[in-house]
Amino acid sequence: MAFETILTETRGHVALIRLNRPKALNALSDQLLTELGTALDHFEADDAIGCIVLTGSEKAFAAGADIKEMASLDFLTAYKNDFAHKIDRVAACRKPVIAAVAGYALGGGCELAMSCDFILAADTAKFGQPEITLGIMPGMGGTQRLTRLIGRSKAMEMCLTGRMMEAAEAERAGLVSRILPADDLIDEALKTAEKIADFSLPAVMMAKESINRAEEIALAEGLRFERRLFNAMFGTEDQKEGMAAFMEKRGAQFSGR
Ligand code: CO8
């Protein structure tokens, strides 16, 4: 696949997507979000891929939506084109997507990272929702996902002041799952992704789907949803293989069936 604003590669069963607009600190242009969506379509459809890592550069995961592109937008164009909806493709990906964040993850960049399934952060990572300093508010999930992840008080403070959060605070607050030395970020993210990709793909996809449901519905319905997916697992060859391997004291070889 040839893209202008992202780079893609595969390593075994893992796909690595790198945001690549270095001169603009990976600002999320319309083209970048379109290309990202196309890459996700491709990797989601590729049976050989079990997990996707999304990353940026050492300096910036992404410094937000492209301000230069947005500056002259009028209401009707913004409303009709609904540029922000393109980020929905990330959360809609049925395979796991890990955000590997180094440097700035600001505005739409923070929102993009939060659209992934979890965030591995370099010790250099800085998260923020600085839209308020531009005379706007978050528009790609910042007021919603950030609030669910770190709670109302911190989300409110970050969105109302635009202050940045360092990696350590982000981990304490529950925004990121782990902090890694910057030099190890990509290797560790790929290792984590390989581990996930080696498991049963249907089990991974259903676990992801079920956890995502937890954010949308009440507990009793969520538990019923989980139970239905759990019972469905007994229709897979991978369940037979996983449990047989345990009893035979050997490693499981999952086929994704
Ligand atoms: N958009 C466009 N260009 C950018 C962006 C951006 N978000 N961020 C950085 N750049 C560009 C700079 O303009 C500069 O380009 P040039 O060399 O041509 O002037 C280049 O990247 C390097 O940036 P700096 O020189 O500013 O680098 P510094 O190291 O001095 O500063 C910062 C780094 C602190 C990250 C600084 O660049 C900054 O504050 N950037 C803007 C951060 C921001 O406000 N992000 C929020 C954007 S709004 C948003 O994301 C809304 C999401 C909802 C969208 C809904 C769509 C309709």
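Model, not experiment: these values are computed from the prediction. Atoms within each ligand, like the ligands themselves, are counted from 1 in listed order.
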Backbone of K95 reached by a side-chain donor or acceptor of K208 within 3.5 Å = yes

List the atom pairs, with distances to 0.1 Å, where a side-chain N or O of residues 176-192 and a protein N or O form a donor-acceptor pair under 3.5 Å, not counting sequence neighbours.
from: S177; atom 1: OG; to: I119; atom 2: O; distance (Å): 3.2
from: R178; atom 1: NH2; to: T192; atom 2: OG1; distance (Å): 3.1
from: E188; atom 1: OE2; to: K191; atom 2: NZ; distance (Å): 3.4
from: T192; atom 1: OG1; to: E188; atom 2: O; distance (Å): 2.8

Please go through M205's hydrophobic cluster and name the other residues, only I, L, V, M, F, W, Y counting, with side-chain heavy atoms under 4.5 Å joining them.
-> L201

Is it true that E169 and R163 make a salt bridge, defined as a side-chain N closer than 4.0 Å to a carboxylate O?
-> yes

Do other residues, nucleotides or ligands put more than 12 heavy atoms under 6.0 Å from K195 NZ?
-> no

Run through all N or O atoms in ligand 1 and write down each protein N or O closer than 3.5 Å, as a pair with its distance.
from: ligand 1; atom 1: 1 (N); to: A65; atom 2: O; distance (Å): 3.4
from: ligand 1; atom 1: 1 (N); to: I67; atom 2: N; distance (Å): 2.9
from: ligand 1; atom 1: 7 (N); to: A63; atom 2: O; distance (Å): 3.0
from: ligand 1; atom 1: 7 (N); to: A65; atom 2: O; distance (Å): 2.9
from: ligand 1; atom 1: 13 (O); to: K68; atom 2: NZ; distance (Å): 3.1
from: ligand 1; atom 1: 15 (O); to: K68; atom 2: NZ; distance (Å): 3.3
from: ligand 1; atom 1: 18 (O); to: K68; atom 2: NZ; distance (Å): 3.3
from: ligand 1; atom 1: 21 (O); to: K23; atom 2: O; distance (Å): 3.2
from: ligand 1; atom 1: 29 (O); to: K59; atom 2: NZ; distance (Å): 2.7
from: ligand 1; atom 1: 45 (N); to: A63; atom 2: O; distance (Å): 2.9
from: ligand 1; atom 1: 50 (O); to: A65; atom 2: N; distance (Å): 2.8
from: ligand 1; atom 1: 50 (O); to: G108; atom 2: N; distance (Å): 2.8

Mind checking what makes side chain to side chain contact (heavy atoms under 4.5 Å, CB included) contact with M1, not counting sequence neighbours?
-> F3, T8, H42, F43

